[in-house]
Amino acid sequence: MHDVKRIRENPQAFDDAMASRNLPAVSSVIIDVDAERREVLSELQKMQSRRNEIAGLIGRSAHSGADVAELEREALSLKANISLLEKKEADLSGKLNEIMSIIPNIPRPDVPIGPDESANKCVRVVGKPPEFDFPPKAHYDLGEAMGTVDFRSAAKIAGSRFTILRGKVALLERALKNFMLDVHTREFGYEEISVPFLVSSECMYGTGQLPKFSEDSFQTTDGRWLIPTSEVPLSNMVRDMTVPLSKLPLRMTACSPCFRSEAGAAGRDNRGMIRNHQFHKVELVSVVHPDKGEEELERMTGAAETILKKLGLAYRVMLLSTGDMGFSAEKTYDIEVWIPSENTYREISSCSLCGQFQARRMSARYKGDSDKGFPATLNGSGLAVGRTAAAVLENYQLVNGNVIVPEVLIPYMNGTKELDKNG
RNA sequence: GGACAGAUGGCCGAGCGGUUUAAGGCACCGGUCUUGAAAACCGGCAAGGGGGAAACCCCUUCGCGAGUUCGAAUCUCGCUCUGUCCGCCA
C-alpha cells in the first residue's frame, strides 16, 4: 500500500514507477478520489462537531431547565445529513482502497528496468558447477531408480504435482530443514517460529497476496487460506501493532509446507519436485527500521547463500528487473542453484525488500523516542527445501546412481554418507 | 460442540444513557527537594485522521460490526477472541 500524500506530492514520479512495471498511470484517478474524499470528510467532521455540541447543550439543560426543542430540531436534520455523508465517505474510502490495494510496490532506483526476466542482472556467480564424465541424471530419475522418490503414489493419493519421499531421501529433506534452521538461528540470529499453516484473509491482504492473486492460493471451506509461504504468518506477527524501536530488527525464521495452486503453470516443470502444489520451505523474515532495508536485504541474501556455500552447491545471484519482481517487492535478489541435468541455474530462493509497503497494509508500526512510522519488511527463502534436495541429488550423484551426502549434512543424516538403492 | 464469565489507554482497573473533554493506580518522562539515590510533592504522558503558514482547532477509536437515541464505554442484536467447566480428540 502506498501513502496517498506521497502520490499527491509527486504524481509524475509515481506514474513513472508504474510505467517501469509496465502498468498504466493511475495517479490522477487517485488524486481526484482522494480530494473528493477529504472534502466530504471535512464537511462531515464539521457536522459531527456541531452534533456533539448540541448533545452537550441538551445534556446540560437537564440541570438548567432551558428549552431544547429548537436544538433537537437542528440535531435531527443534522443526523440525516451526517448519515448521508458518512455513507458517501465510506464509499469514497472504499473506492480509493480498491484502487490502491491492487497497485504494486515502487521499484528502488537501482532495480534494472525491463519487461521480464530477460532484463535481470547477474550480480555474482559463486562456486563451480561439478563436471561429470557421464550424462548427469535428473533428480526424479535418480530418486525413482533408488525407490526413494515416488510420484506414482503421490498422484494416486493427491493428484499431479505432489511428491512422496521415502527412506533416506525423506531423511535428506528433514536433514536439510534442520540444517537450514540451525544456520539461520545460530549464525544469523533469527528466532525460530512454528507458525500456523492456515491464515485469515487479513493476513493474505497484509503481505499482498490478496486481493489481486487469490487464484494462486488454496482457500478452505471456512474462508481461511493455506499459506503459500510462511512469509505470510511470519510477517503478520507484527500486524496491527506498534513495535518499540529498541526491538528492531526483528528476525524470524520458520520451516513450513507451502501450498500453491500453480494455476497457469500447466506444462511447466511437470516432472520432479521443482514445481509442486506443496513443498517445504525455510523462510526468513526481517522487520527493520525503514532506513535499514537495503542493508538487511544484503544480510538476508547472504544468510540464504551461506546454506548453498556450506552444501557446496554452485549458484548465482540475480537482481530482478522491474518486470520480473513480485507485487510487494521494491528490490529482489533471486538465488539460482546449478541443476546439472538441465545444464542451467534454477531459482531456489527469492529475497525481497518490501520497504514500508506491507507494513502499511498490515498497519504495523514502530515507535522510538523521537522517531516513529512504518518499518520495512523483508522476506526471503532460506531455502526452498524440495529444490535444495533435488540440487543435492543431482550435483552429488555418482555414475552408479548413488548420491554422496554433503559433509555438513552427515550429522543430520545419522551418519549416512551415501544414498543408495538400499535406501 | 455445550454452559457460564469476560474483552476499557503501555499495564492494572473504575464507569453501566448527558457535570467522564474515560476516575484512580502502576509504569514511564520532566521538575522541586537531596552530596547522590530512594521517598514525598508538582507537572506531563494513547493512537489514527482532517483542517491550518503557525499557534492551534476539530473528527474517529472503550474487542469488531450493525441498531436504538438529540446524545452510547454504558441499552439491543450479530460476530470474533480470551478464560473456566463439560464433552470429544492428536
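Protein chains get the first letters and strands the later ones, always in sequence-line order, with residue 1 at the start of each.
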May I have the distance from [X] (atom [atom1]) to [N] (atom [atom2]), rounded to whole angstrom?
X: A:Met241; N: B:C11; atom1: CE; atom2: P; value: 11 Å
X: A:Met47; N: B:C70; atom1: CE; atom2: P; value: 18 Å
X: A:Glu202; N: B:U80; atom1: CD; atom2: C1'; value: 11 Å
X: A:Glu43; N: B:C58; atom1: CD; atom2: C1'; value: 15 Å
X: A:Ile58; N: B:G17; atom1: CD1; atom2: P; value: 19 Å
X: A:Gln48; N: B:A72; atom1: CD; atom2: P; value: 11 Å
X: A:Glu36; N: B:G50; atom1: CD; atom2: P; value: 16 Å
X: A:Lys247; N: B:G10; atom1: NZ; atom2: P; value: 14 Å

Check: A:Asn379/A:Ser352 side-chain N/O donor and acceptor closer than 3.5 Å: no

Side-chain H-bond candidate by donor/acceptor type, A:Asp334 with A:Ser350, under 3.5 Å: yes

With sugar-phosphate meaning primed atoms plus P, OP1 and OP2, does [X] contact a base, only sugar-phosphate, or nothing at under 4.0 Å between heavy atoms?
X: A:Ala55; result: base
X: A:Arg51; result: sugar-phosphate
X: A:Lys79; result: base

What does [N] pair with, Watson-Crick or G-U, if both distances are under 3.5 Å?
N: B:A53; answer: none
N: B:C4; answer: B:G83
N: B:A39; answer: none
N: B:U76; answer: B:A66
N: B:C26; answer: B:G10
N: B:U34; answer: none

Which whole number of Å gives the distance between the [atom1] atom of [N] and that of [M]?
N: B:G71; M: B:C59; atom1: P; result: 15 Å
N: B:A5; M: B:G50; atom1: C1'; result: 41 Å
N: B:G67; M: B:G17; atom1: C1'; result: 15 Å
N: B:G63; M: B:C16; atom1: P; result: 16 Å
N: B:G13; M: B:A66; atom1: P; result: 29 Å
N: B:U82; M: B:G30; atom1: P; result: 39 Å
N: B:A38; M: B:U80; atom1: P; result: 50 Å
N: B:G24; M: B:U32; atom1: P; result: 25 Å

Selection from B:U60, B:C58, B:G51 that lies nearest to any side-chain heavy atom of A:Ser49: B:C58

Test: A:Arg174 cationic atom under 6.0 Å from A:Tyr412 six-membered ring centre, within 45° of axis: no

Step-by-step side chain to side chain donor-acceptor pair (under 3.5 Å) determination, A:Thr229 to A:Lys281: CA-CA 7 Å; A:Thr229 157; A:Lys281 180 156 60 72; 2.8 Å; yes

Side-chain ion pair, A:Arg239 and A:Glu202, N-O less than 4.0 Å: no

Validation row: A:Asp216, A:Gln209 side chains within 4.5 angstrom (heavy atoms): no

A:Leu393 vs A:Lys137 side-chain heavy atoms within contact, under 4.5 Å: no

Ring center gap for A:Phe259 and A:His277 short of 6.0 angstrom: no

Position toward the 5' end of RNA chain B (nearest nucleotide), A:Ser42 or A:Leu76: A:Ser42

First of A:Lys46 and A:Glu72 reached from the 5' end of RNA chain B, by closest nucleotide: A:Lys46

Could you run down the sub-3.5 Å N/O contacts of the protein with nucleotides 44-49 of chain B?
| from | atom 1 | to | atom 2 | distance (Å) |
| --- | --- | --- | --- | --- |
| B:A47 | OP1 | A:Lys367 | NZ | 3.3 |
| B:G48 | OP2 | A:Lys372 | NZ | 3.1 |
| B:G49 | N2 | A:Gln45 | OE1 | 3.4 |

Residue list, side chain to side chain donor-acceptor pair (under 3.5 Å) with A:Ser230, at least two apart or on another chain: A:Ser256

side-chain N/O A:Asn52 vs B:C59 OP1/OP2, d < 4.0 Å: yes

